[in-house]
Amino acid sequence: MTDHLVPRMRSFGTTIFASMSALAAERGAINLGQGFPDTDGPPEVLEAAVRAIRSGHNQYPPGRGIAPLRQAIATHQQHHYGLAYDPDTQVLVTAGATEALTAAILALCDLGDEVVVLEPTYDSYTAAIVMARAVPRPVRLRHPSDTESAYRLDEDDLRAVLTERTRLVVVNTPHNPTGHVLTDAELDIVARVAVEHDLLVLTDEVYEHLLFDGRTHRPLATWPGMFERTVQVSSAGKTFSTTGWKIGWVCSTPELVTAVTTTKQFLTYVSGGPFQWAVAEGLALPDERFAQLGARMQAQRDLLVPGLVSAGMAVHPSEGTYFVTADIAPLGYHDAVDFCWRLPDLCGVVAVPSSVFYADPAGVGSLVRFAFCKRPEVLTEAAERLAGLSDR
Ligand SMILES: *Cc1c(COP(=O)(O)O)cnc(C)c1O
């Protein structure tokens with residue numbers, strides 16, 4: 001059979017997430033693989049979308065997004081982080097964070113430019129970098145160990161992947177798939193290196209409201225010397241449990257936003273008209289509503305993790321996001337890909353092997369990512385099923 005796909009995209013075939021979701025459906029297993037919530041977010045945000053459709057907001061919105069949403073994004077940035085963006089020149093609404101990230105990479109990276117990504121890496125970054133004919137340069141987060149309780153970005157590791165072709169650093173915090181929230185010390189490292197080497201930084205902050213145990217999100221754009229070199233990306237999908245709406249945004253300097261708008265306009269032009277109105281209302285919710293969303297996700301984490309511990313796994317702490325990583329080696333399993341294919345039969349649960357987030361999975365073959373963005377009763381059931389693994 002002829003493979004019509006250009007060679008550089010051939011390693012991006014059907015994602016493991018689609019395969020595992022299909023497996024979960026086929027076996028009737030609990031799907032803790034793909035990271036989508038099984039309940040809707042705040043009812044007032046859902047109602048705002050219904051109202052927007054009924055009141056006729058159903059045609060192409062303006063290219064940069066409707067003015068009330070751009071204003072709401074700017075107000076949210078000012079209110080939560082003290083960041084001042086002009087809604088007319090420094091904010092761009094996109095088809096989710098995915099389009100924002102892809103448009104930014106296509107706008108900023110040329111043939112042979114090198115892009116540093118934290119590894120494990122969210123899959124769309126690498127695909128976008130390859131589409132731009134640029135080159136991904138992964139820097140692996142150090143794993144939790146006996147001496148360290150969390151993942152950690154090491155300064156020497158970051159410096160070691162830099163070359164004279166390095167153009168951009170992509171930073172995701174809170175981090176998918178590990179659930180790590182980069183500390184101020186780690187963000188200091190990125191800022192220091194970016195300023196020293198005059199690099200642009202693309203930040204993926206889609207989990208900005210889902211941090212646990214009293215942590216607070218601090219955008220890298222607030223660091224000295226970073227505002228003018230940072231392209232900040234976020235999205236409403238994860239915050240409001242509306243991943244199907246695909247409303248994301250970019251905030252940066254007028255020059256960088258104009259650059260990203262140039263590529264973005266030929267990817268989708270615009271999207272999600274009525275949902276833009278709803279997200280504008282959602283971003284203006286009072287602080288305690290955002291705190292509730294984070295607290296609820298933390299409670300869901302705390303339903304699942306005991307099941308993983310009872311199963312005998314070594315659980316890496318999840319500090320934010322929808323996800324937790326666990327090591328199955330203590331259970332006597334060493335190949336997480338094989339383990340995840342068998343997990344529906346072993347105990348009626350689906351998860352994804354962390355190796356899919358690495359260019360070279362040496363040393364991470366026994367790590368598994370579990371999603372806890374599910375209803376409490378589903379997580380309780382999953383935890384019970386997983387705990388039963390230790391009896392085998
Ligand atoms: C879900 C996710 C995205 C994609 O966000 P959309 O708004 O759905 O496009 C981007 N980055 C990370 C880390 C994610 O987990």
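Whatever order the structure lists ligands and atoms in, that order sets their numbers, starting from 1. Fair warning: this is a prediction, and the values are worked out from it, not measured in the lab.
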Could you tell me the residue and atom name of the protein heavy atom closest to atom 7 (O) of ligand 1, and the distance to it rounded to 0.1 Å? S235 OG, 2.6 Å

Test your reading of the structure: does D204 have an N or O sitting under 3.5 Å from an N or O of ligand 1? yes

Taking the six-membered ring of F372 (Phe, Tyr or Trp), confirm whether the NZ or CZ of R301 is under 6.0 Å from its centre and within 45° of its axis. no

Side chain or backbone, does N172 bring an N or O within less than 3.5 Å of an N or O on ligand 1? no

Below 3.5 Å, N or O to N or O, backbone or side chain included: is there any such pair between F323 and ligand 1? no

Using a strict cut-off of less than 4.0 Å between a Lys/Arg side-chain nitrogen and an Asp/Glu carboxylate oxygen, indicate whether D110 and R133 qualify as a salt bridge. no

Taking the six-membered ring of W223, is the NZ or CZ of R218 close enough (under 6.0 Å from the centre) and on axis enough (within 45°)? yes

Cation over ring face, K264 and Y269, 6.0 Å, 45°: no

Considering only protein heavy atoms, which is closest to atom 8 (O) of ligand 1, and at what distance to one decimal place? K246 NZ, 3.3 Å

Reference residue D157; test salt bridge (charged side-chain N to carboxylate O under 4.0 Å, His left out); the match among R142, R137, R152, R140: R142

Centre-to-centre under 6.0 Å for H80 and F290, is that the case here? yes

Counting only heavy atoms closer than 4.0 Å, does ligand 1 sit against the backbone of A97, its side chain, both, or neither? both

Are H217 and Y81 near enough that their ring centres are under 6.0 Å apart? yes

Is Y207 close to ligand 1, meaning an N/O of one under 3.5 Å from an N/O of the other? yes

Please indicate whether any nitrogen or oxygen in K238 is less than 3.5 Å from any nitrogen or oxygen in ligand 1. yes

Can you confirm, on distance only, whether ligand 1 has an N/O atom lying under 3.5 Å from any N/O atom belonging to T243? no

Considering only protein heavy atoms, which is closest to atom 3 (C) of ligand 1, and at what distance to one decimal place? Y122 OH, 3.3 Å

